[in-house]
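Here is the structure we will look at.
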Amino acid sequence: MFELSKQRLTADNQFLKIQTRALSRARIMSETEKLTQQREDNMLKLRGLRLANETSVKQAGLAAQIKMKSRRRPGFK
């Protein structure tokens, strides 16, 4: 049979340990980046909805003011 030296086994085990750590770190970083991107996308979506809502509220307020003014004016020629 082919037997590896103790030094070779130790080196292989250390290499595998380092390789496993590197792969784990890469996976964690990938997941973190994915979560960060999802959070940013959600934030932008919510910001857009909030701005659209604020705009519609302002337009409704302006329309109500114009309507109120136009009701008062016809009697004051």
Under the side-chain contact (heavy atoms from CB on, under 4.5 Å) test, which residues partner Ser56, sequence neighbours left out? Asn53
Using side-chain hydrogen bond (donor to acceptor under 3.5 Å, both in side chains) as the criterion, list what pairs up with Gln14, not counting sequence neighbours. none
Apply side-chain contact (heavy atoms from CB on, under 4.5 Å) to Gln38 and list each qualifying residue two or more places apart in sequence or on a separate chain. Lys34, Leu35
Under the salt bridge (Lys or Arg N to Asp or Glu O under 4.0 Å) rule, collect the residues that match up with Glu40, sequence neighbours excluded. none
Taking salt bridge (Lys or Arg N to Asp or Glu O under 4.0 Å) as the definition, give me every residue that meets it alongside Glu33, ordered by chain and number, with sequence neighbours left out. none
CG-CG distance between Leu46 and Asp41, expressed to the nearest 0.5 angstrom: 11.0 Å
From CD1 (Ile18) to CG (Asn13), nearest 0.5 Å: 11.0 Å
Taking only residues two or more places apart in sequence or in another chain, which ones pass side-chain contact (heavy atoms from CB on, under 4.5 Å) with Ser5? Gln7, Arg8
Neighbour count >12 (heavy atoms, 6.0 Å) for atom CE, Met43: yes
Which residues pass the salt bridge (Lys or Arg N to Asp or Glu O under 4.0 Å) test with Arg25, sequence neighbours left out? none
Report the residues that fulfil salt bridge (Lys or Arg N to Asp or Glu O under 4.0 Å) with Arg50, sequence neighbours left out, ordered by chain and then residue number. Glu54
Do Ser30 side-chain atoms and Ala26 backbone N/O form a donor-acceptor pair below 3.5 Å? no
Identify, with sequence neighbours excluded, every residue that meets side-chain contact (heavy atoms from CB on, under 4.5 Å) alongside Glu31. Arg27
